[in-house]
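Quick notes on the structure that follows.
What you see below is based on every heavy atom in this structure, not just the backbone, and it leaves out hydrogens, waters and symmetry mates. We count residues from 1, following the sequence as given. Just follow the structure's listing: the first ligand is 1, and inside any ligand the first atom is 1. This one's a predicted model, so the numbers in the text were calculated from it and none came from an experiment.
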Amino acid sequence: MLKATKLVDEELYNIVVGELKRQENNIEMIASESTAPIPALELSGSVFTNKTLEGYPGARYQSGAEFADKMEILGVERCKALFKADHANIQPISGSTANYSVYAAVLKPGDTVLSMRLDQGGHLTHGSTVSQTSKYYNFIHYGVHADTEQINYEELEELAIKHKPKLIISGGSSYPRLIDYERISDIAKKVGAYSMADIAHVSGLVAAGIIPSPIPHTDFVSSSTTKTICGPRGGMVMCKAEHAKALDRGVFPRTLGSIHVHVMAAKTYVFKRAATEEFKQLMIQTVKNAKHLATCLEKDGFRIVSGGTDNHLVMVDLRPKGINGKQFQEALDYVGITVNKNMIPFDTEKPSITSGVRIGTTAISQRGLKETEVEQIAAIMNKVAENITNQEVLDACKQEASDLISNFPLYQEDFDPVTI
Ligand SMILES: Cc1ncc(COP(=O)(O)O)c(C=O)c1O
């Protein structure tokens, strides 16, 4: 895949090979990451890169669209069939722009929106004070119960009645539990709001049918395509038939210029792959691995936020170990396990320090790791937490992690992403 680059720009080639080796040699456990299948890499780098295109099939602003039209229609049909959605728009170039397009479809500047707090599981684009979204719209936030660390639906309803939002958002980036989409949509209907579920993290699990889908209940469902759905860096939005026109306008021309047609091709493939039994089994194993990781870490004295997980991510409170998220992330990085520090509900640490880490199991499950290996990873994590400044122990952990992951190739050998 990089043969031509190697010939013309060896310096850059070596950087990309370095990244490939990093991914191969590390145990990647960032919950928003996955390994894009080779066809998705190929399609993202295909000649569709050369095509400038705006608008929709049959109503483009540029000619020469016959193959791109065919492809977008195929991608949209696959996406609709996969999620059982009335309508899909697969043009957004990321999960963030997917969200902006819903806002552009139904909101005016100054409108009130109700969403989950970022530090209790939400996302930056859901009106965090550091996001531009909070400057355009009046965001109000609900959170989780202090004891269960699960969504406080009573608070959500009270805030909805009090503030009469135009849009209620569910979903987030660090919420390990199932969401009662029906209940949230009912609250939205009661107060005359639109409902939107951001399933960026869990769209693979929803596609595989192993966790409940918001599609039957929610007006708009947005997602990125990089996380559990294991695709290219992109986004998409689905909606009920009556919102199709508004959504399409929200995407183009309101929040998008020309389409990343090459990435749309990769998404189109990923929707086919996500409909297979093999993908379903992968998603089942991903959740099993996350649940097992939570159990093992809890046994070792970590506190698991909300007491467990229903999806691909585990939120870990490090305070019982006397360490913070930054220290643990850095020490794990040294031993070759990649995670990210993350605020936990009611965290008293700064976002740059945090009391917790977020750990995901998608990428390791793709490589074939199962419960036995998850136990080994949990044991390494515990040794690291207990010996955070002991260089000898960290070095031994590094060797152990390297030995473990070397048995599970990132890509099969006959699909080497550098040499094909
Ligand atoms: C819930 C949620 N929504 C949206 C996004 C944004 O996706 P992207 O990084 O593709 O813009 C993320 C990414 O982490 C997310 O977790």
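A salt bridge is absent between E157 and R183: the closest approach of a Lys/Arg side-chain nitrogen to an acidic carboxylate oxygen does not fall below 4.0 angstrom.
For ligand 1, the polar-atom distance check against S224 finds no nitrogen or oxygen pair separated by under 3.5 Å. Annotation: G171 places no N or O atom under 3.5 Å from an N or O atom of ligand 1; distance criterion only. At a 3.5 angstrom cut-off on N or O pairs, K227 counts as close to ligand 1.
Aromatic ring centres of H243 and H87: separated by at least 6.0 Å. Between F252 and Y61, a ring centre-to-centre spacing shorter than 6.0 Å is recorded.
Counting only distance, with no hydrogens or angles, the side chain of D317 and the backbone of I304 share no donor-acceptor pair below 3.5 Å. Judged by distance alone, the side chain of R367 and the main-chain N or O of F408 form a donor-acceptor pair under 3.5 Å.
Across G356 and D347, no two heavy atoms sit closer than the pair N-OD2, 4.2 Å.
Atom NZ of K51 sits in a crowded spot, with more than 12 heavy atoms from other residues, nucleotides or ligands closer than 6.0 Å.
Every atom of ligand 1 is numbered from 1 in the order shown, and the set under 4.0 Å from a heavy atom of A200 is 1 (C), 2 (C), 3 (N), 4 (C), 15 (C). Listed by atom number, the atoms of ligand 1 under 4.0 Å from S173 heavy atoms are 1 (C), 16 (O). Heavy-atom contacts of G95 reach the following atoms of ligand 1: 6 (C), 7 (O), 8 (P), 10 (O), 11 (O) (cutoff under 4.0 Å). Near S94, meaning under 4.0 Å from one of its heavy atoms, ligand 1 places the atoms 10 (O), 11 (O). Close approach of ligand 1 to S96 is summarised as follows: ligand atoms under 4.0 Å from at least one heavy atom of the residue are 6 (C), 7 (O), 8 (P), 11 (O). Below 4.0 Å from some heavy atom of D198 lie the following atoms of ligand 1, by number and element: 1 (C), 2 (C), 3 (N), 4 (C). Atoms of ligand 1 found under 4.0 Å from any heavy atom of G172 (numbered from 1 in listed order, with element): 1 (C).
By heavy-atom distance, the residue among H123, E33, H201 lying nearest atom 12 (C) of ligand 1 is H123.
Here the straight-line distance linking atom CG of N342 with atom CG of L313 works out to 9.0 Å at 0.5 Å rounding.
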